[in-house]
Amino acid sequence: MTLTPIAEGVENTNYKLLTSTGLYVLTLFERRTPADALPYVVDLMLQLDARAVPVPRPIADREGRALKSLCQRPALIVSFLEGKSLLDPGVDACREAGGGLARLHHGAEGYGGFRPNPFGLSSWGPLAESCEQAADRAAKRRLPSILRALDRLTDSWPYHLPMGSCHTDFFPDNVFFSDGRFSGVIDFYFSCDELRAYDLAVALASWCFDAQNRFVPRRAEAMIAGYSARRGLSADERVALPLLCLGAAVRFTLTRLYDRLHPQNDALVKEKDPEEFATRMDLFYDMTTAGKGLF
Ligand SMILES: Nc1ncnc2c1ncn2[C@@H]1O[C@H](COP(=O)(O)OP(=O)(O)O)[C@@H](O)[C@H]1O
Ligand SMILES: N[C@@H](CCOP(=O)(O)O)C(=O)O
């Protein structure tokens with residue numbers, strides 16, 4: 001058996017695990033994934049796997065338990081998924097990814113678990129406050145635009161839209177491709193009950209910017225087309241997308257800012273730049289002010 005650390009993670013500590021029966025991933029969960037949330041996540045992955053959505057399959061021990069404890073942290077072994085994520089996904093990849101997200105939403109239908117979104121709208125105010133308390137000069141400059149976006153989101157959040165089990169971290173690094181086709185999705189540790197259109201908005205806010213962080217409307221159009229070819233998207237959901245993209249941009253600006261201000265020195269994780277999403281937040285703020293659509 002060999003264990004090789006994987007350094008790409010942002011949230012948890014991961015190892016590639018090679019045994020006589022195959023290749024797996026061992027995850028030790030760090031601060032954002034509490035043990036009591038994991039049964040929801042594991043059972044959702046099992047349901048998706050059973051419905052042929054390509055996700056890592058949790059591996060149980062001889063007593064049938066997948067969730068274990070290792071080094072004082074919750075731990076899980078899942079199957080290794082083949083395929084590669086894309087660094088700068090183009091229009092076709094965005095269409096494929098939209099279709100992949102719709103497959104995930106389909107596969108999650110009827111799921112019996114319930115987990116409120118730990119990083120949903122109601123968490124953003126307290127997160128902003130804890131960033132404010134620890135703020136350095138750069139964070140102090142950023143906070144007013146975060147708070148202004150938060151006011152808009154609080155005033156206009158579309159609570160009435162359809163909910164279900166969502167991934168809520170459907171970023172390019174969590175989606176695998178093989179021969180240009182969607183081949184799988186990993187990292188379900190933020191999965192929870194949320195607005196389905198918010199899940200799509202997270203994908204739009206993370207896939208539809210180029211290497212210079214410029215919004216690419218054609219990618220957004222393709223992603224929405226890929227999604228809606230497999231799963232209906234109502235007129236109300238479509239109209240709400242710019243506001244929900246603003247919400248997604250606030251969420252990732254805040255968690256990245258929090259991580260920069262409160263680093264975890266002992267975990268095998270990488271920090272990401274909050275400014276990348278803060279710039280997107282400003283763009284979606286202006287788009288919602290002007291009442292414009294994404295394309
Ligand atoms: N089941 C899996 N199959 C293949 N690769 C995986 C799997 N799980 C994780 N990885 C690899 O590990 C990296 C980090 O995993 P991820 O779950 O995104 O960690 P974190 O939650 O810490 O961000 C991924 O980018 C991917 O390369
Ligand atoms: N996607 C989030 C943080 C979680 O990272 P992941 O590696 O688990 O996708 C971000 O980019 O801030």
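Only a predicted model underlies this, so the values are computations on that prediction, with no experimental measurement involved. Ligands are counted one by one from 1 in listed order, and the atoms in each one are counted from 1 as well.
What you find for Tyr227 and Gly232 is that their closest heavy atoms are CE2-O, 4.3 Å. Across every non-hydrogen atom of Gln47 and Gly107, the tightest pair is NE2-O, 2.9 Å. Contact record, Leu38 with Thr33: CD2-CG2, 3.8 Å, taken as the closest heavy-atom pair.
Counting heavy atoms closer than 4.0 Å to ligand 2, residue Asp173 contributes side-chain atoms (C-beta onward) but none from N, CA, C or O.
Cation-pi check for Arg251 over Phe119 is met; the charged atom lies under 6.0 angstrom from the ring centroid and within 45 degrees of its normal.
Of all atoms in ligand 2, listed by their number and element, those nearer than 4.0 Å to a heavy atom of Arg256 are 10 (C), 11 (O), 12 (O). Listed by atom number, the atoms of ligand 2 under 4.0 Å from Phe252 heavy atoms are 2 (C), 10 (C), 12 (O). Short contacts between ligand 2 and Lys272, defined as distances under 4.0 Å to a heavy atom of the residue, involve ligand atoms 10 (C), 11 (O). Residue-ligand proximity, Phe176 to ligand 1, at heavy-atom distances under 4.0 Å covers atoms 4 (C), 5 (N). The atoms of ligand 1 that sit less than 4.0 Å from any heavy atom of Pro56 are 1 (N).
For atom 19 (O) of ligand 1, the nearest non-hydrogen atom from the set Asn12, Asn14, Val78, Ile6 belongs to Asn14. Within the set Asn174, Ile77, Asp187, the minimum heavy-atom distance to atom 21 (O) of ligand 1 is found for Asp187. When the heavy atoms of Thr33, Thr13, Leu81 are ranked by distance to atom 4 (C) of ligand 1, first place goes to Leu81.
Proximity of the aromatic rings of Tyr24 and Phe80 is defined here by a centroid distance below 6.0 angstrom, and this criterion is not met.
Residues meeting the ring-ring contact (aromatic ring centres under 6.0 Å, His included) test with Tyr111, sequence neighbours left out: Tyr40. Under the side chain to side chain contact (heavy atoms under 4.5 Å, CB included) criterion, Ala248 pairs with Tyr198, Val202, Ala205, not counting sequence neighbours.
Residue contacts with ligand 2: Thr255 is placed with no nitrogen or oxygen under 3.5 Å of a nitrogen or oxygen of the ligand (distance criterion only).
In this structure, Ser79 counts as a contact residue of ligand 1, since one of its heavy atoms falls inside 4.0 Å of the ligand.
For the ring pair (Phe, Tyr, Trp, His ring centres under 6.0 Å) with Phe252, the lone residue among Phe209, Phe277, Phe170 that qualifies is Phe277.
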